[in-house]
Amino acid sequence: MTAETFEFQVEARQLLQMMVHSVYSNKDVFLRELVSNASDALDKLRIEALRDDSLGADVSDLHIDIEADKDARTLIVRDNGIGMSRDEVVGLIGTIAKSGTAEFLQKLREAQKDGTPDGAAATEGLIGQFGVGFYSAFMVADEVTLLTRRAGEATGTRWTSTGEGTYSIETVDDAPQGTSVTLHLKPADDEDRLFDYTSPWKIKEIIKRYSDFITWPIRLITAGTGADGGEGEEGEKGEKGDGKPEPETVNSRQALWARPRSEVSDEEYHELYKHISHDWTDPLETIRIHAEGTFEYQALLFLPARPPQDLFTQGGRRGLQLYVKRVLIMEECEELVPPYLRFVKGVVDAQDLSLNISREILQQDRHIQLMRRRLSKKVLSTVKEMRTKQPEKYTAFWREFGAVLKEGLLNDFDNRDAILAACSFATTHDAEKTATLAEYVERMKEGQEHIYYLNGPSRAAVENSPHMEAFRDKGLEVLVLTDPVDEVWVDTVPDFQGRKLLSIAKGEAELGTEEEKEQAKAEREQQREEYAGLLTWLGERLGDEVKEVRLSARLTSSPACVVSDTDDMTPALRNMLRSMGQEVPESKRILELNPGHPLIAGLRKAHAADAADLRLPGMAEIVHGLALLAEGDSPADPARFTRLLAEHLERTL
Ligand SMILES: Nc1ncnc2c1ncn2[C@@H]1O[C@H](COP(=O)(O)OP(=O)(O)OP(=O)(O)O)[C@@H](O)[C@H]1O
């Protein structure tokens with residue numbers, strides 16, 4: 001059959017360009033990527049064979065072969081796994097389906113334009129975050145041929161490219177099942193860290209470092225002159241009777257979680273993490289769990305250092321790998337971690353589950369639920385501990401994943417206390433450091449009963465809000481909540497250690513010691529009498545927009561502010577629910593006036609002197625508009641507001 005030639009999709013071409021011209025200094029990782037793909041393909045075949053008897057694939061001798069030929073300068077990585085159909089080859093290899101590719105390339109270009117060593121480091125860091133998988137073969141090869149046949153299909157596909165814009169594809173009749181990737185290696189150039197990848201010694205070193213834990217046999221076959229099986233290891237390999245070299249298994253094949261902790265290095269854990277997460281960056285933290293008793297299992301969990309691209313996209317990769325007695329039965333078992341811990345990656349290996357357990361049964365399985373609970377608790381306690389023992393790590397973690405973890409407060413009521421203990425919040429106490437609720441409570445002032453917070457779109461918006469004035473004056477600490485999820489969870493956590501969580505933009509503010517409160521109350525009583533006429537008149541005048549007009553105890557410098565009633569939703573929450581398509585009833589807000597402000601005092605005087613003063617209705621609207629503007633909202637009719645304000649300003653000239 002003749003080969004057809006295709007062009008790479010734009011993003012793929014750009015990525016390839018960078019691989020060909022090698023932007024990544026550690027080129028050894030190409031082999032890790034190919035072996036990782038081969039191992040995944042073997043896992044997939046076994047899982048599919050477990051589910052589907054009719055597949056007709058032989059799964060009795062699954063393995064990965066690495067064949068190096070020094071004379072031909074080729075390296076072949078071959079697996080007898082699931083393979084790919086022609087469409088899959090075109091879809092998976094010719095295009096890049098990953099979300100965020102365009103954005104990634106843009107950043108990469110910017111980093112490269114730089115041309116400095118810093119720029120180069122940034123480039124490498126970016127590739128580390130993104131991962132380029134199969135394409136990394138082009139760092140070491142000037143031509144790559146992939147021959148593959150999907151299990152259950154009759155014909156195979158050959159894909160060839162030099163990485164320069166096009167690839168060719170042809171259908172072949174006699175391809176073995178699985179995939180082989182043949183690299184025509186570039187000449188070795190040690191200075192460029194482009195080593196001789198046909199050297200058995202080099203290959204073994206790479207496998208040992210990056211892929212030792214792969215449980216499938218990785219077998220090395222060397223050919224060509226000078227292929228000696230590695231330094232000082234000649235005795236281990238021989239030749240078969242037919243003159244073909246005997247393959248040598250080069251990985252120890254031990255599952256990391258089954259080995260004693262003291263014998264596994266951090267680097268080995270990190271390589272396992274990279275294999276299962278497809279992340280190129282080391283994880284932030286590794287968590288080991290060994291559960292004994294009636295239901296035995298082991299787990300290795302990882303907290304990533306960076307969020308995956310699909311953390312907030314629906315249908316993103318979620319869940320843990322589920323093994324039963326060392327056999328991988330599910331790649332992304334979502335039932336093992338709750339959605340708010342969806343960034344956790346890892347492996348769970350259980351002793352007593354059925355090998356062909358279905359998704360439906362998993363969802364109800366008591367053991368799965370028990371594991372999920374235990375794993376969640378362990379992750380939460382690890383995060384909590386990280387905060388005290390490794391504050392920098394915690395800060396990095398919290399910056400990336402705090403907003404996700406807080407989602408747990410909305411639905412995991414069993415673990416609410418554990419989640420809260422892992423949470424920390426920005427606060428007015430210290431602009432640099434977050435605080436836990438426990439720390440907040442410890443610092444509470446004498447006479448302070450509640451935990452105060454204010455939601456807002458940014459720290460600056462919260463700090464400059466008029467609601468903050470009296471709290472700042474009295475030195476009361478306020479939590480600064482700026483994540484969208486903060487609008488919601490605060491309503492599901494009514495108290496902490498018996499202290500109510502109170503929004504300072506809601507209800508009446510009563511601050512200070514008992515004595516101060518008494519005094520303030522008496523003062524307000526008197527003012528209320530003075531202001532009764534104005535408040536009633538304003539209440540009627542603005543009745544369409546506000547539910548009440550009252551005097552404020554929270555303002556010291558602004559003339560007015562709007563607040564929500566204790567049980568009403570904040571406007572931000574209402575908007576959020578609406579944008580999610582929920583119907584939310586309109587609720588009017590409360591206008592609070594600062595009797596200590598000259599504008600309000602003047603308004604009272606003017607109203608007392610002549611309630612029919614023609615300037616008053618306009619002033620009422622202006623005061624209300626100013627209150628809305630102060631919290632970042634806008635008057636219902638901005639044009640009218642501006643006109644009224646301009647008219648009043650005119651008179652002052
Ligand atoms: N040996 C193989 N056998 C079967 N399918 C493969 C093989 N190698 C690659 N693939 C398919 O091609 C896809 C793309 O591979 P590629 O290595 O580019 O990315 P990836 O493994 O998904 O992610 P990453 O970039 O993080 O490595 C894989 O997800 C897999 O479906």
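We count ligands from 1, going down the list as the structure has it; atoms in each ligand are counted the same way.
For CZ of R259, the number of neighbouring non-hydrogen atoms (other residues, nucleotides, ligands) closer than 6.0 Å is greater than 12. By the 6.0 Å contact criterion, NZ on K378 is open, its count of non-hydrogen atoms from other residues, nucleotides or ligands being 12 or less.
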I'd like a table of donor-acceptor pairs (distance under 3.5 Å, sequence neighbours excluded) in which one partner is a side-chain atom from residues 37-49, with atom names and distances.
from, atom 1, to, atom 2, distance (Å)
D43, OD1, W216, NE1, 3.0
E48, OE2, R150, NH1, 3.3

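Every atom of ligand 1 is numbered from 1 in the order shown, and the set under 4.0 Å from a heavy atom of G133 is 17 (O), 24 (P), 25 (O), 27 (O). Remark: ligand 1 atoms within the under-4.0 Å shell around heavy atoms of E33 are 27 (O).
Residue-to-ligand polar distances keep M84 apart from ligand 1: every N/O pair is separated by 3.5 Å or more. Residue Y135 places no N or O, backbone or side chain, under 3.5 Å from any N or O of ligand 1. Geometrically, ligand 1 and F134 share a nitrogen or oxygen pair separated by less than 3.5 Å. Between T179 and ligand 1, a contact under 3.5 Å exists for at least one N or O pair.
Considering L320, V344, I287 as possible partners of L375, the one that fulfils the side-chain contact (heavy atoms from CB on, under 4.5 Å) test is L320.
Contacts between D79 and ligand 1, counted as non-hydrogen atom pairs separated by less than 4.0 Å, involve the side chain only. Contact annotation for E88 and ligand 1: no heavy atom of the residue comes within less than 4.0 Å of the ligand.
The salt bridge (Lys or Arg N to Asp or Glu O under 4.0 Å) contacts involving residues 8-21 comprise E7-R13, where partners must be two or more places apart or lie in separate chains.
Note on ring orientation: taking the six-membered ring where Trp is involved, the planes of Y167 and F8 are tilted (angle from 30° to 60°). Between Y394 and W398, the ring planes are parallel. Angles under 30° get that label, and only those over 60° would be called perpendicular.
Counting only non-hydrogen atoms, the option in H278, R78, R32 that gets closest to atom 24 (P) of ligand 1 is H278. Among I64, L146, L92, the residue whose heavy atom lies nearest to atom 13 (C) of ligand 1 is L92.
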